[in-house]
Number of protein chains: 2
Amino acid sequence: MLGQGRGAGSGAAADARSRRGARGYAGPVTTGKPPTSHDVARLAGVSQSTVSLVFRGAARGRVAPGTQQAVLDAARRLGFRPNADARRLRVGGPRMVLIAVPDIVNPFFARVFTGARGAAREAGFQVVLSVQRDLASVAADVAGQRVDAVLACSLDDGGRPLDDSVPAVVLDAEPPAGMGAVRFDIAPALTEVVDHLHRLGHRDILHLRADVDTSTFRERAAAVDAACAARGMRRARAAASVDRDAARDTARAALARERAAGHPVTAVVCDDDILAVGAYKAAQAEGLAIPGDLSVTGVDNVDLAQALTPELTTVDLPGETLGEMGMRRLLAAVDGADTQPTEVVRLPARLLIRGSTAPPPRRSAG
Amino acid sequence: MLGQGRGAGSGAAADARSRRGARGYAGPVTTGKPPTSHDVARLAGVSQSTVSLVFRGAARGRVAPGTQQAVLDAARRLGFRPNADARRLRVGGPRMVLIAVPDIVNPFFARVFTGARGAAREAGFQVVLSVQRDLASVAADVAGQRVDAVLACSLDDGGRPLDDSVPAVVLDAEPPAGMGAVRFDIAPALTEVVDHLHRLGHRDILHLRADVDTSTFRERAAAVDAACAARGMRRARAAASVDRDAARDTARAALARERAAGHPVTAVVCDDDILAVGAYKAAQAEGLAIPGDLSVTGVDNVDLAQALTPELTTVDLPGETLGEMGMRRLLAAVDGADTQPTEVVRLPARLLIRGSTAPPPRRSAG
DNA sequence: CTGAAAGCGCTAACAT
DNA sequence: ATGTTAGCGCTTTCAG
């Protein structure tokens, strides 16, 4: 029982690569590093390959029951657990892709996830989700290299993108240089929204913005502004976090403000369906009927949109398709030994006109 | 350019361990398996260790710029990507824990996730999420051994639990034999709910159940039934999937049914806050005031509960604490080289009385 | 500045 | 039924 390798406490550089280095509890039999199958073999008095057989469950009929028990006992005493990295180095295993989203509860991301997961499974990849605000954090998560590919949805361009070593595709966001992306062609859709309202006769609208600084929302704002300007419409603005109650309060304040300023808005263009729900609540609180007194539009077409009364006029963002297409491109890059996918494709988003928009009420002043 | 190893199409057992076996695109330079750093070295005319230096970014000042470029070029031509498994076998890396939940959009799981993630990060673990309906599916996901531990929340006991090789703890569910768990002490809380209603004077209640067959919901049902029986209360039942609209429809039908049967209910006990929201909607649709005509209770105390008017009387389930405690136990088991954690702890759940419960309306018959 | 050589912990023939 | 022997692809001294 001698010959334990280097002296335990003396190593200066010894614990640089400690996996269990800093633990307070070193296990039943104290040894500097986690026990290996060799240690188990030695303790059980068998060869290492026997240990391997036992732990792979391939021992049936090849290792005597008594021996198996001895191996198991020795393993237990040492607290042995097979090293999964070593195992995979030999035998390989299913590959894994990570989907990163900024928020778990938003149903839009659930849809993207569903689409992406389907495509990944079809290709035999495992899928896990990471909830992270920006790309940089995802990069940190991936640094350990346990995933083979990354699909990042709606994460803002946080400076340095991902480690170059793992293929990645960005969804619904500006891709860092050299990365591919699948995104929505959102500007035309918002132009259409404004145009729709304009044709109905609206001239004073409120743009209820999402208080999130990502490119998709910047594009939405730019499109709304440009469309209003081009049509000579007055456009008020307010920003709220993507939360029904916050949106309600913000919208309510903005409605009151504009009314007090002498040019009440007749329509609210919301960056998002959740914000639109807030706008509904605000209208209700202000005693405004939708769409009689106030028209409301959203973006996303989440299930909710049709659960509202009246149903919400909104821009359909095909989240599942987004996830699915992004995943396909990503997986192609994983196997095609090529560089990162680098092209950017845009998915069409189209306006669904429903009951929440109608001509504005007749104005006393005009 | 000969010497391509075994004949391409002939291998019977050849692709048993194919990592890129079934791909249609074999990369710029066709070789049976993915290129290694040796291949790159050969093509670049350098030694393998030089390639290693370059790819680790440790080449600064140790490898001539021209050589580096040559290595990079060769790698590109071969479509070389360092093998992460091999790398980790040598250097180790951060460990990863998987949190499995049945549903992404339910805010309760978001809270559990938050709590668990905090604890994991503190301990230097990466965290990923897996959305899966039952434990068996999680096991499949984990078979590839890329995670070091599993925290499974509210997943039903789907027969065989997890592969024994990875430590796991179950949250809010019946743990399979030999596994540890952290769960809520939910029965007393629901007894308290019923008792609260009973004291207010309610005698006819509806239990709006979640249409999910997991132990926590079975326990809730048993507690409600027992409490009602003990107090001589009439208890109607209806089950809906955990979705606001489904709950609304189900609740509405049940309310009408009981009214038609001659014993209208004066209170609805919901298995979940989301169901309770449905009950609010149903009451509204039926023209019943809450709490004047109908009292409503929930379980979970999600943020929503206080956003409703009147605020929802509900059972507070401390999801964050659940996640945090579960994670701590789990991580202790990962490092303590011991066996699976096996004990089961129960977290208290307490009733929060708010505005949605009040004495029943005076009955004409009774 | 670059190369040779020795492993990391495990699996899988191939011997006994 | 068990042991021996080669590696998997990479990192990392240690010599040139």
Side-chain angles (χ1 to χ4, degrees), chain A residues 5-6 11-20 31-42 44-71 74-75 78 80-93 144-145 148 165, chain B residues 5 13-14 16-20 31-42 44-71 75 78 80-93 144-145 165:
Chain A
R6 327 97 200 200
D15 48 21
R17 27 117 95 185
S18 63
R19 282 177 57 120
R20 288 183 191 171
T31 171
K33 338 185 298 173
T36 75
S37 57
H38 278 108
D39 301 328
V40 175
R42 198 173 313 126
V46 299
S47 88
Q48 184 272 332
S49 59
T50 301
V51 176
S52 178
L53 282 178
V54 170
F55 270 85
R56 280 158 42 217
R60 232 23 249 275
R62 323 199 346 66
V63 176
T67 311
Q68 292 194 41
Q69 205 38 253
V71 169
L78 292 174
F80 167 75
R81 207 124 55 196
N83 179 322
D85 292 324
R87 165 172 234 280
R88 262 207 325 288
L89 174 56
R90 283 297 288 165
V91 302
Q145 297 288 304
D148 301 293
S165 65
Chain B
R17 28 113 97 182
S18 62
R19 281 176 57 121
R20 287 182 190 174
T31 172
K33 337 186 299 174
T36 74
S37 57
H38 278 108
D39 301 327
V40 175
R42 198 173 314 124
V46 300
S47 88
Q48 183 273 334
S49 56
T50 302
V51 176
S52 178
L53 282 179
V54 170
F55 270 84
R56 279 160 43 222
R60 235 18 253 274
R62 322 194 355 62
V63 176
T67 310
Q68 293 193 39
Q69 205 38 253
V71 168
L78 292 174
F80 167 76
R81 207 123 55 197
N83 179 322
D85 291 324
R87 165 170 235 281
R88 262 207 323 288
L89 174 57
R90 284 294 292 167
V91 303
Q145 298 289 304
S165 65

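Each chain gets a letter, A, B and so on, in the order the sequences are listed, and its residues count up from 1. Because the structure is a prediction, the values reported are computed rather than measured.
- Atom NE2 in His38(A) sits roughly 12 Å away from atom C1' in dA6(D) (whole-Å rounding).
- Closest approach of Val40(B) and Val71(B) over heavy atoms only: CG1-O, 3.7 Å.
- Near DNA chain D, meaning a heavy atom under 4.0 Å away, the residues from residues 45-59 of chain B are Gln48(B), Ser49(B), Ser52(B), Arg56(B).
- The interatomic distance linking Arg60(A) (CZ) with dA1(D) (P) rounds to 11 Å, in whole Å.
- Side-chain nitrogen and oxygen atoms of Lys33(A) include at least one within less than 4.0 Å of the OP1 or OP2 phosphate oxygen of dG9(C).
- Between the CG atom of Asn83(A) and the C1' atom of dC10(C) there is a distance of 8 Å, rounded to whole Å.
- Here the CZ atom belonging to Arg90(A) is positioned 11.5 Å from the CG atom belonging to Leu89(B), to the nearest 0.5 angstrom.
- Atoms CD and CZ, from Gln68(B) and Arg62(B) in turn, are 11.0 Å apart once rounded to the nearest 0.5 Å.
- Here the C1' atom of nucleotide dC10(C) and the CZ atom of Arg81(A) are 17 Å apart, to the nearest Å.
- Nucleic acid contact for Arg62(B): base, since at least one base atom lies under 4.0 Å from a heavy atom of the residue.
- A pairwise comparison of heavy atoms in Leu78(A) and Pro35(A) identifies O-CG, 3.4 Å as the closest pair.
- Minimum atom distance to the side chain of Arg90(A) is reached by dA12(C), of the listed dT11(D), dC10(D), dA12(C).
- Between the two ends of the helix from dC1(C)-dG16(D) to dT16(C)-dA1(D), each summarised by a five-pair axis, the helix axis turns through 40° (rounded to 10 degrees).
- At whole-Å resolution of the value, CG in Leu89(A) and P in dG7(C) are 17 Å apart.
- Closest of all the heavy-atom pairs between Ala70(B) and Ala44(B) is O-CB, 3.9 Å.
- The shortest side-chain heavy-atom distance between Asn83(B) and Thr36(B) does not fall under the 4.5 Å cut-off.
- Checking dC10(D), dC10(C), dT2(C) against the side-chain heavy atoms of Arg87(A) singles out dC10(C) as nearest.
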Could you pull out all donor-acceptor pairs under 3.5 Å where a side-chain atom in residues 48-59 of chain B meets a protein atom, sequence neighbours excluded?
residue: Gln48(B); atom: NE2; partner: Ser37(B); partner atom: OG; Å: 3.0
residue: Ser49(B); atom: OG; partner: Ser47(B); partner atom: OG; Å: 2.9
residue: Thr50(B); atom: OG1; partner: Ser47(B); partner atom: OG; Å: 3.4

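- If you take CZ of Arg42(B) and P of dA4(C), they are 13 Å apart, rounded to a whole angstrom.
- Atom CG in Asp39(A) sits roughly 13 Å away from atom C1' in dC8(C) (whole-Å rounding).
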